[in-house]
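Here is the naming used below: chain letters follow the sequence lines, and residue numbers restart at 1 for every chain.
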There are 2 protein chains.
Amino acid sequence: MPQSSAANSSPSPLVDAQDRFIGLWGDMASSWGVPRTMAEIHAMLFVSGEESNTDEIMARLEISRGNASMTLRTLVEWGIVARRHRRGDRRDYFSAEQDVWKLFATVLRARKRREIDPLLDALRSCSLPSGQSPNATSDATSAHNERIGSMIEMVEALDVLSERLLGPTGPGSDRMESLVRELSEVEP
Amino acid sequence: MPQSSAANSSPSPLVDAQDRFIGLWGDMASSWGVPRTMAEIHAMLFVSGEESNTDEIMARLEISRGNASMTLRTLVEWGIVARRHRRGDRRDYFSAEQDVWKLFATVLRARKRREIDPLLDALRSCSLPSGQSPNATSDATSAHNERIGSMIEMVEALDVLSERLLGPTGPGSDRMESLVRELSEVEP
DNA sequence: CAGTTTTTTCAGAACAGACTGAAAATTGGT
DNA sequence: ACCAATTTTCAGTCTGTTCTGAAAAAACTG
């Protein structure tokens, strides 16, 4: 009987590899400001490729019902996990998008809307009104506005690049992959 | 005497705008997993465009000496802040890179090395050894390897894209800006 | 409609990581 | 070599987040 309590190391090589991936994904997320559990649930659903209900998720990741519930809600809102109802089973089943490019696009789109767009607005409000009357605008003020301006320009340029990646057409399309590969080959 | 204690709101429109920028940068950083102080010190040096010593930084941002010292060390290591010694003054003076594209390139390069490269190694170790003997590899195992494999491929593709952005030639070069703008125009 | 199962919510516990402050180390001057 | 100015270090405190657990709500069943 080579195991003492709960979470173990080698039930099978497959489960073992899955656990490595889940742990890895969780660590990554932490360091990028995303809650660990969020990434772990997603990772579990992604690697297994199967649907799981809340209890299975709670059991495998050893997390509380509340945590699982809240996090699943968010994951579904973000659009990278789907909730499905099964006939004759009261519980909800969850599964993760299997196309990694769609996954990436979804996350990028979300972050863009939630962070980049508001950032641009806020940045613009850091400029100072320049030259109202003739000789008005001081050197210090215009230097300030140039700095903020170049910052804005850069963020806008990256924003345009990301829009290009996400494609002009709404949500769908896996053209993203080929686009990234093309971009990697553009000659300077 | 319209002010009570320490940090105030409107000493001058310029300082006011600077403070907005500093605060904004700090918030951004927090939400991306970078310590607030790190971003605030950098923001202060960037918007002011001037050199400052540790005491000036401590005073303006209302942070401790220890925090300032440690954070400045890190910023200098990252290469986005420079430390300079002035004749006849024992204190060190710090200033921030003013070229926003260089700034971005530096940060991107650092994160790439510190996170992407190790991530790829770790990801590879999440695959399972496949088909040793004839009929060996099970469906589950090969499905697993395909999922991990597609993940790896995507990260590699993005890695190549970032390398392209950073330019084949070492640190320097502000070709990055024009490259980003070009990429934004590539036709699918 | 009462009972049962599943999900949601949220106040507080537990935790992680940032920040402080004072002591130790370093640097420069005389 | 000594003293003064400055920087660095780090143990402990503090702050903000995430997670738990149990109670409330909702959803379904017979």
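Atom CZ of B:R83 is separated from atom C1' of C:dT27 by 13 Å (rounded to the nearest Å). Between B:L75 atom CG and C:dA18 atom C1' the separation is 15 Å, expressed in whole Å. When the C1' atom of C:dG29 is taken as reference, atom CZ of B:R87 falls 15 Å away, rounded to whole Å. Whole-Å rounding puts the B:I57 CD1 to C:dC19 C1' distance at 16 Å. Taking atom CZ of A:R86 as the reference point, atom P of C:dT5 lies 19 Å away to the nearest angstrom. Here D:dT6 presents its P atom at 10 Å from CG of B:D92, a figure rounded to the nearest Å. Spacing between atom CE of B:M58 and atom P of C:dA18 amounts to 20 Å, rounded to whole angstrom units. In this entry the distance linking CD of B:E56 with P of D:dT7 reads 11 Å, nearest Å.
Taking the salt bridge (Lys or Arg N to Asp or Glu O under 4.0 Å) definition, one finds that A:E51 meets it with A:R84, A:R86, sequence neighbours left out. Scanning for salt bridge (Lys or Arg N to Asp or Glu O under 4.0 Å) contacts around B:E153 gives A:R181, with sequence neighbours left out.
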Per-nt protein contacts along nucleotides 15-28 of chain D (heavy atom under 4.0 Å; B base, S backbone sugar-phosphate only, - none) come out as ---SSBB-----BB

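The aromatic rings of B:F46 and B:H42 lie parallel to each other, with less than 30° between the two planes, well short of the 60° mark.
If you check every strand for non-hydrogen atoms under 4.0 Å, A:S30 touches nothing.
Counting heavy atoms from C-beta outward, B:M28 and A:L119 have side chains that approach closer than 4.5 Å.
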(request) Just do the side-chain contact (heavy atoms from CB on, under 4.5 Å) check on A:R60 and A:Q18 with the steps written out, would you? (result) CA-CA 11 Å; A:R60 174 134 191 208; A:Q18 291 181 336; 3.0 Å; yes

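Judged by distance alone, the side chains of B:S31 and A:E115 do bring a donor and an acceptor atom under 3.5 Å apart.
The side chain of A:R91 sits closest to C:dT6 out of D:dT7, C:dT9, C:dT6.
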